[in-house]
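For reference, the structure is listed below as structure tokens.
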Amino acid sequence: MRTTQMLIPTLRDDPGEAETVSHRLMLRAGMIRKVAAGVYTYLPLGLRVIRKVEGIVREEMNRAGAQELLMPIASPAELWRETGRWDFYGKELFRFKDRHERDFCLGPTHEEVITDLIRREVRSYRHLPLNCYQIQTKFRDEIRPRFGLMRGREFIMKDAYSFDKDEAGAQLSYQKMYDAYQRIFTRCGLTFRAVEADTGLIGGDVSHEFMVLAETGEATVVYTDHGTYAANLERAEVPPPTESDPAPLQPIKAVSTPNKRTVEEVTSFLNISPRQLVKTLLYKTGQEVLVVLIRGDHEVNEVKLARLLGVNEVTLASPLDVQVTTNAPVGFAGPVDLKTKVRVLADHAIKATRNMVVGANQPDAHLVNANLDRDFKVDQFADLRNAQAGDPSPRGDGRLTLAKGIEVGQVFLLGTKYSKKMNATILDAQGQERLAVMGCYGIGVSRTAAAAIEQNHDAKGIIWPVPIAPFHVHLLPLSQSTAVQEQAAHLYDQLGRAGIEVLWDDRDERAGVKFNDADLIGAPFHLVIGDKGLAQGHVELKTRKTGTVSKLPPSEVVGTVSSWINGPSTGH
RNA sequence: CGGGGCGUAGCGCAGCCCGGUAGCGCGCCUGCUUUGGGAGCAGGAUGUCGGAGGUUCAAAUCCUCUCGCCCCGACCA
């Protein structure tokens, strides 16, 4: 393609609206433009990258035995009411009414639609396993869209759904997708890690997320450096402590802590370690108010709490609820002599702590040397906290490290969650109706493109991995001289014949402008043709990533570029 | 949803406090010169100052309402 025939509105300045690297560079490189918050137009250059990612996804999905179809973006509320997600999905679901006042939504994911299709069309186990996928625009009315394509309200996703006759088959389908995802993200040139994950709004039993490791990631990944354990923070298990505090029990006593509410205030006022303090948090579920005890230096993991309680979500109780339940304002709640009968849950670490500092359930007072069983009772111990760096691995293979990651894909083993609610049954070999066992598998295509930039850029711009680059070669003739122009035209033609994608900067611009735009756009290889070089019989081939320049005769260009692109080491 | 910030030319911004002809840089258009890392000179075009209402002789500027966008937070007691 010639630059003059392509809409590539590069920007010299950073747009004020963009903070993160990928957002800024995609705007500056003329790849995307914003239409509304979290809603973007893909310009030709951006779309080329999207198509590259889609191509890799499509190849690997097909190779894994999945078949492509395309479902509608709009779907009727009835399907969503069958599974309860019309209500459960909440405000994230884009809803609208048609002219007859019937409720519809824009699909955020398609379990309902695909399950409806399969229950109608597939009756026999003979037709299973079945895995259908699509690549499509999805809609989620995010609470806070941000970072350009990273968290949009409209985004491109590949979603796949597998149907099996039994659990064993479903696990096999899951494993195939897991393997396919490994290949996809590897081929995209990303440094990533598959981690155990919670199942969230989608539901199901088993799940892995594929995380691109990057500082700007919104998710936290927990893993062992040398071991095999990796999970996201929501999921990461924390084993109970193996040693308990050997300190002798001290007599409990009340101390005045005027206006000291937070962990920091109380610990510095009493000159104690946060490890001695116990936070007494009041949580509300749909049904009850309950108490959660957590050590001062730990954080409650609400996903774990909700899962333990078997509810969708838990919220912290309001100050009023706290007052009513504990007889004290927020900041002075404690487990000792609670006025109201409530369930008390505690993180495992509480069991191993002695002589704890807790709220006194009266204003401006705490209790010191509170001890389990002697002074208060706990109804249930559980793993309720977030893992921290240095915690032992739940697999016993070392200590945990934390890192930030961008979630680019997630696979779920759903079991019969949807098939049961929607009565998607198939006949087995004995003629018995059985619920289809499902899995679902998503890849954020547009987010993958953004994540690739987060991981591959420098101060000057993007450095595309070869497989998803919008063009392989950026052809930069530096003058309008006949010799340079003819050589450029010739090489453009030769490279094109060899199947190499070339962006030909045919603008009558100064060298600096072309170089800067080329660095910004980030094609892996820059082919520079200037009068000086030609006079000496060579052109220059520059590797964007390393800045290395090779001078070579024009006749060797096609062969060299081909070997770099197709060869095993594309790390040029 | 709460807090903060911002809407003025394609982009980045100034002007607003203290009302009085709407500016700067880059970009864009024309011409000449230039041509290996964002050229020089000369000439030129470009704005419902986010929108609505109000105050005033007069509003980008003051007041009210409203829309949009960005950032942080969303309860760890």
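Values in this document were obtained by computation on a predicted structure and should not be read as measured data.
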Gap in Å between the two P atoms, one belonging to U21(B) and one to C16(B), rounded: 13 Å

Of C70(B), C11(B), A77(B), the nucleotide closest to the side chain of Val322(A) is A77(B)

Nucleotide of U34(B), G25(B), A77(B) approaching Val263(A) most closely (side-chain heavy atoms): A77(B)

What contact category does Arg28(A) fall into here, base, sugar-phosphate, or nothing, at under 4.0 angstrom with non-hydrogen atoms? base

Answer with yes or no whether the side chains of Asp245(A) and Thr353(A) bring together a donor and an acceptor at under 3.5 Å. no

Taking atom C1' of C1(B) as reference, at what distance in whole Å does atom CD of Glu142(A) sit? 15 Å

Counting Watson-Crick and G-U wobble pairs only, both distances under 3.5 Å, name the nucleotide matched with U64(B), or none. A52(B)

Donor-acceptor contacts under 3.5 Å from residues 322-337 of chain A side chains, at least two apart:
| from | atom 1 | to | atom 2 | distance (Å) |
| --- | --- | --- | --- | --- |
| Thr325(A) | OG1 | Asp321(A) | O | 2.6 |
| Thr326(A) | OG1 | Val322(A) | O | 2.7 |
| Thr326(A) | OG1 | Ala328(A) | N | 3.2 |
| Thr326(A) | OG1 | Ala328(A) | O | 3.1 |

Which nucleotide in A77(B), C69(B), C71(B) has an atom nearest any side-chain atom of Ala36(A): C69(B)

Roughly how many Å is it from CD in Gln487(A) to C1' in G36(B), rounded to a whole number? 17 Å

Base, sugar-phosphate, or nothing for Lys260(A), non-hydrogen atoms under 4.0 angstrom? nothing

Among C71(B), C76(B), C70(B), which nucleotide sits nearest the side chain of Leu281(A)? C76(B)

Return the 5'-most residue of the pair Ala18(A), Phe515(A) with respect to RNA chain B, ranking by each residue's nearest nucleotide. Phe515(A)

Heavy atoms under 4.0 Å, any strand shown: does Gln480(A) hit a base, just sugar-phosphate, or nothing? nothing

Ignoring hydrogens and geometry, is there a side-chain-to-backbone donor-acceptor pair from Asn232(A) to Arg235(A) under 3.5 Å? yes

Once you apply a heavy-atom cut-off of 4.0 Å, does Ala333(A) come out as touching a base, just sugar-phosphate, or nothing? nothing

Pairwise P distance, U56(B) and A45(B) [rounded to whole Å]: 38 Å

Strictly by Watson-Crick or wobble contacts shorter than 3.5 Å, is anything paired with C26(B), and which nucleotide is it? G10(B)

Taking any strand in view, what nucleotide pairs with C1(B) in a Watson-Crick or G-U wobble way, both distances under 3.5 Å? G73(B)

Across all strands shown, which nucleotide pairs with U46(B) by Watson-Crick or G-U wobble geometry, both distances under 3.5 Å? none

Nearest to the side chain of Lys34(A) - C71(B), G36(B), C70(B)? C70(B)

Nearest whole angstrom, please: distance from the P of A77(B) to the CG of Leu338(A). 18 Å

Which residue lies toward the 5' end of RNA chain B, Ile143(A) or Glu17(A), if each is placed at its nearest nucleotide? Glu17(A)

What is the distance, to the nearest angstrom, from the CG atom on Leu11(A) to the C1' atom on G25(B)? 15 Å

Apply side-chain contact (heavy atoms from CB on, under 4.5 Å) to the pair Met6(A) and Arg48(A), showing each step before the final yes or no. CA-CA 12 Å; Met6(A) 213 175 158; Arg48(A) 286 184 73 98; 3.9 Å; yes

Check whether the side chain of Glu509(A) and the base of G38(B) form a donor-acceptor pair under 3.5 Å. no

Rounded to the nearest 0.5 Å, how far does CD of Glu237(A) lie from OG of Ser393(A)? 9.0 Å

By nearest atom, which of the nucleotides C76(B), G36(B), C71(B) is closest to the Glu299(A) side chain? C76(B)

Among G38(B), G12(B), C72(B), find the nucleotide with the atom closest to the side chain of Val513(A). G38(B)

d(CZ, Arg12(A); P, G37(B)) in whole Å: 14 Å

Pairwise P distance for G44(B) and G23(B), with rounding to whole Å: 14 Å

Look at all strands and tell whether Gly533(A) reaches a base, only sugar-phosphate, or nothing, counting heavy atoms closer than 4.0 Å. base

Integer-rounded Å distance: U34(B) C1' and Asp508(A) CG: 11 Å

Indicate, with a heavy-atom threshold strictly under 4.0 Å, whether Ala317(A) touches base, sugar-phosphate, or nothing. base

Less than 3.5 Å between a donor and an acceptor, one on the side chain of Asp14(A) and one on the base of G12(B), is that the case here? no

Using the C1' atom as the point on both nucleotides, what is the distance between G54(B) and A59(B), in whole Å? 11 Å

Whole-Å C1' distance, G27(B) and U46(B): 12 Å

What nucleic acid atoms does Pro15(A) come within less than 4.0 Å of, heavy atoms only: base, sugar-phosphate, or nothing? sugar-phosphate

Rounded off to whole Å, could you give me the NZ-to-P distance for the Lys284(A) and A74(B) pair? 20 Å

Rounding to an integer number of Å, can you tell me how far Leu478(A) CG sits from U34(B) C1'? 15 Å

N or O in side chain of Lys279(A) less than 4.0 angstrom from C76(B) OP1/OP2: no

cation_pi(Arg95(A), Trp80(A)) dist<6.0 Å, angle<=45: no

Could you work out the separation of G47(B) and C24(B) based on their C1' atoms and round it to a whole Å? 15 Å

Across the strands shown, which category fits Ser318(A) at heavy-atom distances under 4.0 angstrom: base, sugar-phosphate, nothing? nothing

Side chains of Thr4(A) and Asp506(A): donor-acceptor distance under 3.5 Å anywhere? yes

Could you please name the option among A77(B), A39(B), G37(B) that lies closest to any side-chain atom of Lys460(A)? G37(B)

So what's C57(B) paired with, Watson-Crick or G-U wobble, going by both distances under 3.5 Å? G20(B)

P gap between C13(B) and C6(B), integer Å: 12 Å

Residue Arg144(A), side-chain atoms from C-beta onward, closest of G73(B), G36(B), C69(B): G73(B)

Is the phosphate of U35(B) approached by Arg510(A) (side-chain N or O, under 4.0 Å from OP1 or OP2)? no

Would you measure the distance from the C1' atom in A74(B) across to the matching atom in C1(B) and give it in whole Å? 8 Å

Run the side chain to side chain donor-acceptor pair (under 3.5 Å) test on Ser244(A) and Lys351(A) for me, step by step, so that the C-alpha distance in whole Å, both residues' side-chain angles and the decisive distance to 0.1 Å come before the verdict. CA-CA 8 Å; Ser244(A) 42; Lys351(A) 208 184 318 187; over 6 Å; no

Shortest side-chain distance from Asn516(A), nucleotide among C72(B), A77(B), G38(B): G38(B)

Just to be sure I understand the rule, does Thr262(A) reach a base, reach only the sugar-phosphate, or reach nothing, if contact means heavy atoms closer than 4.0 Å? sugar-phosphate

Students often mix this up, so state it plainly: with edges at 30° and 60°, are the rings of His474(A) and His526(A) parallel, tilted or perpendicular? perpendicular

